[in-house]
Amino acid sequence: MKIGYPCINLSLECRSSHTFRLKNYSKEKLKKTVKSNLKCLLETLKYNINHKILFFRITSDLVPFASHQIMDFNWKKHFSKEFSEIGNFIKKKNIRITMHPGQYTVLNSNNEGVYKRSLEELIYHIDVLDLMKLDKSCKVQLHVGGVYGEKENSLNRFIERYHSLSNNIKERLVIENDDKSYNLKDCLQIYRETQIPIIFDVYHHMCNNSGESIEEAFQLISHTWEKEDGIPIIHYSSEHPHKGKPSHSEHIDLKDFAEFIQKTNIFDYDLMLEIKDKEQSALRVIKILENDPRLYAMI
DNA sequence: TCACGTCAAGCAGAT
DNA sequence: ATCTGCTTGACGTGA
């Protein structure tokens, strides 16, 4: 099991997600920003290795406006050496990487323009992983998308759009159950038509499910990951849907986490911790898992 | 130096 | 109709 966190390391000074306003766009500004983002990304990955964190989500802001029509710079060519260097480090250290396009990327949109821009954004994310020559266990994850008052049609539109994607995208794309629209059952319906692997988000499942227990859910999604996809990816965060606003919590609740681990320890999976304190929760979890599994009961 | 309005982009659900 | 959350901030103008 690899433990990971998303995008930003709060212990480091640097950020790999620096961006700028669209109206300030220039090739020079882009070059400078991407150079600094890539430098910080490598620094972050080195921090992770020094702290035994082997799973990481790379920020979508790595190359600002990469899929925007304003982009007039061949960043892939210009930074190929840097991407290759980072990719070599990732492979050498056996790190697993994911990326997660933002909420504006809606593959099943009923608006042609939104669909087209989403496709461009998806291609950008795939390009980053391809430039680093990472294997197919490194994934780009999406939610299924909008419902538009007609769920079955919208779900089928996702399936159609998926089938029309090129192979290099299909090999990396995975879907995740969300907290409002498309739950585990819906994702499994899509899987049956597409064989797309499913990332299971434990917290989203608590918000939106069809009665499956965590154990049943793990069983169901485990089969959606083929050998070349790597072991299943699970997302975990600490807050319960009922108390207060449903949002990701500040720190990890170790008692809750221990229960979760006990329930799921017969499965092999990599775990992305979506907690606000980022790497701090990952460090705690790694320490606990390393020291003594019997500690679970004592937390 | 700091507060705060704004930033490329979509959708759903609450107010 | 407008605001908020999403993954949960950063930019940059104006005081």
Side-chain angles (χ1 to χ4, degrees), chain A residues 4-10 12-26 29-30 32-33 36-37 40 44 55-72 97-125 139-151 153-155 157-158 161 175-183 186 199 201-204 206-208 233 235-239 241 244-251 272-282:
Chain A
Y5 64 96
C7 306
I8 293 168
N9 183 309
L10 297 173
L12 296 173
E13 290 287 310
C14 75
R15 294 289 178 267
S16 54
S17 56
H18 278 292
T19 184
F20 47 83
R21 299 286 171 89
L22 184 59
K23 66 175 182 179
N24 299 328
Y25 174 88
S26 70
K29 197 162 181 78
L30 183 84
K32 217 173 132 184
T33 306
S36 135
N37 284 350
C40 179
T44 305
F55 188 23
F56 185 66
R57 182 191 301 163
I58 293 177
T59 174
S60 296
D61 285 331
L62 192 69
V63 182
F65 305 109
S67 72
H68 195 277
Q69 58 177 6
I70 200 170
M71 181 57 62
D72 61 350
I97 295 290
T98 58
M99 292 188 80
H100 188 5
Q103 62 267 42
Y104 305 107
T105 306
V106 187
L107 198 60
N108 81 335
S109 178
N110 57 1
N111 174 316
E112 260 326 284
V114 172
Y115 165 53
K116 238 179 124 174
R117 289 191 292 276
S118 296
L119 195 52
E120 291 302 317
E121 183 71 353
L122 193 52
I123 289 168
Y124 151 61
H125 284 78
K139 298 298 188 186
V140 173
Q141 51 166 117
L142 277 184
H143 293 295
V144 177
V147 172
Y148 313 102
E150 40 170 23
K151 191 164 176 183
N153 281 345
S154 302
L155 188 150
R157 194 161 50 244
F158 181 93
R161 299 254 166 95
I175 49 172
E176 176 188 342
N177 59 308
D178 72 75
D179 56 344
K180 289 193 188 82
S181 305
Y182 295 94
N183 64 20
D186 303 316
I199 289 186
D201 186 303
V202 178
Y203 174 69
H204 290 163
M206 286 197 286
C207 301
N208 178 8
I233 295 171
H235 285 185
Y236 178 89
S237 57
S238 259
E239 193 132 345
K245 285 177 192 165
S247 63
H248 289 173
S249 55
E250 201 66 41
H251 306 290
M272 177 61 62
L273 298 171
E274 299 190 317
I275 319 274
K276 279 181 185 162
D277 67 6
K278 301 287 182 185
E279 80 286 353
Q280 292 307 315
S281 285

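Throughout, protein chains are lettered first and strands after them, A, B, ... in sequence-line order, and every chain is numbered starting at 1. Only heavy atoms go into these numbers, but all of them, side chains included; no hydrogens, no water, no symmetry mates.
- Contacts of Gly145(A) with the nucleic acid, taken as non-hydrogen atoms under 4.0 Å apart, are absent.
- The side chain of Leu22(A) lies closest to dA8(B) when the candidates are dA8(B), dC6(C), dC11(C).
- The neighbour count for Lys151(A) NZ, taken as heavy atoms of other residues, nucleotides or ligands under 6.0 Å away, is above 12.
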Dot-bracket, DNA chain C: Watson-Crick or G-U, under 3.5 angstrom, [ ] crossing, | other strand?
||||||..|||||||

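- Between Arg117(A) and dG10(B) there is a side-chain polar atom (N or O) within less than 4.0 angstrom of OP1 or OP2.
- The side chain of His204(A) places an N or O atom within less than 4.0 Å of a non-bridging phosphate oxygen (OP1 or OP2) of dT7(C).
- Under a 3.5 Å cut-off, the side chain of Asp61(A) and the backbone N or O of Thr19(A) do not form any donor-acceptor pair.
- When heavy atoms are screened at a 4.0 angstrom cut-off, Tyr148(A) is found touching the sugar-phosphate backbone but no base atom.
- When distances run from any side-chain atom of Asn24(A) to the nucleotides dC11(B), dC11(C), dT7(C), the shortest one goes to dC11(C).
- Atom CG of Asp201(A) is separated from atom C1' of dC6(C) by 12 Å (rounded to the nearest Å).
- Of all nucleotides listed (dG5(C), dA8(B), dG10(B)), dG5(C) comes nearest to the side chain of Lys180(A).
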May I have the step-by-step check of salt bridge (charged side-chain N to carboxylate O under 4.0 Å, His left out) for Lys116(A) and Glu121(A), ending in yes or no?
CA-CA 9 Å; Lys116(A) 238 179 124 174; Glu121(A) 183 71 353; over 6 Å; no

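- Across dG9(C), dA8(B), dC11(B), the shortest atom-to-atom separation from the side chain of Ile8(A) is found for dG9(C).
- No donor-acceptor distance shorter than 3.5 angstrom exists from the side chain of Tyr124(A) to the backbone of Pro101(A), with no hydrogens or angles considered.
- Residues Arg21(A) and Pro6(A) each lie close to DNA chain C; by heavy-atom proximity, the contact nearer the 5' end of the strand is made by Pro6(A).
- Checking dG12(C), dA8(B), dC11(B) against every side-chain atom of Phe20(A), the shortest atom distance belongs to dG12(C).
- Donor-acceptor pairing under 3.5 Å, judged by distance alone, is absent between the side chain of Arg57(A) and the base of dT7(C).
- Rounding to the nearest 0.5 Å gives a distance of 10.5 Å between CG of Asn110(A) and CG of Asn153(A).
- The same atom, P, is picked in dG5(B) and in dC3(C); the two are 13 Å apart, to the nearest Å.
- Taking atom P in both dT1(B) and dT7(C), the straight-line distance is 36 Å, to the nearest Å.
- Of the candidates dC11(C), dT7(C), dA8(B), dA8(B) carries the atom nearest the Glu121(A) side chain, counting heavy atoms from C-beta on.
- For the C1' atom pair drawn from dG5(C) and dG9(C), the interatomic distance equals 14 Å after rounding to whole Å.
- None of Leu122(A), Ile97(A), Ile58(A), Thr98(A) except one satisfies the side chain to side chain contact (heavy atoms under 4.5 Å, CB included) rule with Val140(A); the exception is Leu122(A).
- Remark: the separation of the P atoms in dG10(B) and dA10(C) is 23 Å, to the nearest Å.
- For the pair His143(A) NE2 and dA9(B) P, the computed distance is 20 Å after rounding to whole Å.
- Put simply, OH on Tyr203(A) is 11 Å from P on dT8(C), counting in whole angstrom units.
- Taking OG1 of Thr105(A) as the reference point, atom CD of Gln141(A) lies at 11.5 Å (rounded to 0.5 Å).
- Using atom P as the reference point in both dA1(C) and dA8(B), the two lie 27 Å apart (nearest Å).
- Ring geometry, Phe65(A) versus Tyr25(A): the interplanar angle exceeds 60°, so the pair is classed perpendicular (tilted spans 30 to 60°).
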Could you walk me through whether Gln280(A) and Asp277(A) pass side chain to side chain donor-acceptor pair (under 3.5 Å), step by step?
CA-CA 6 Å; Gln280(A) 292 307 315; Asp277(A) 67 6; over 6 Å; no

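- To the nearest angstrom, C1' of dC11(C) lies 11 Å from CZ of Phe65(A).
- Between the C1' atoms of dA9(B) and dC6(C), the separation comes to 13 Å (whole Å).
- Protein atom NE2 of His18(A) is 9 Å distant from nucleotide atom C1' of dA10(C), rounded to whole Å.
- Of the side-chain N and O atoms in Ser109(A), one or more sit less than 4.0 angstrom from OP1 or OP2 of dC11(B).
- For dG10(B), the base is not stacked against the aromatic ring of Tyr104(A), per a cut-off of 5.5 Å between centres and 30° between planes.
- Atom P of nucleotide dG12(C) and atom NZ of Lys23(A) are separated by 8 Å, given to the nearest angstrom.
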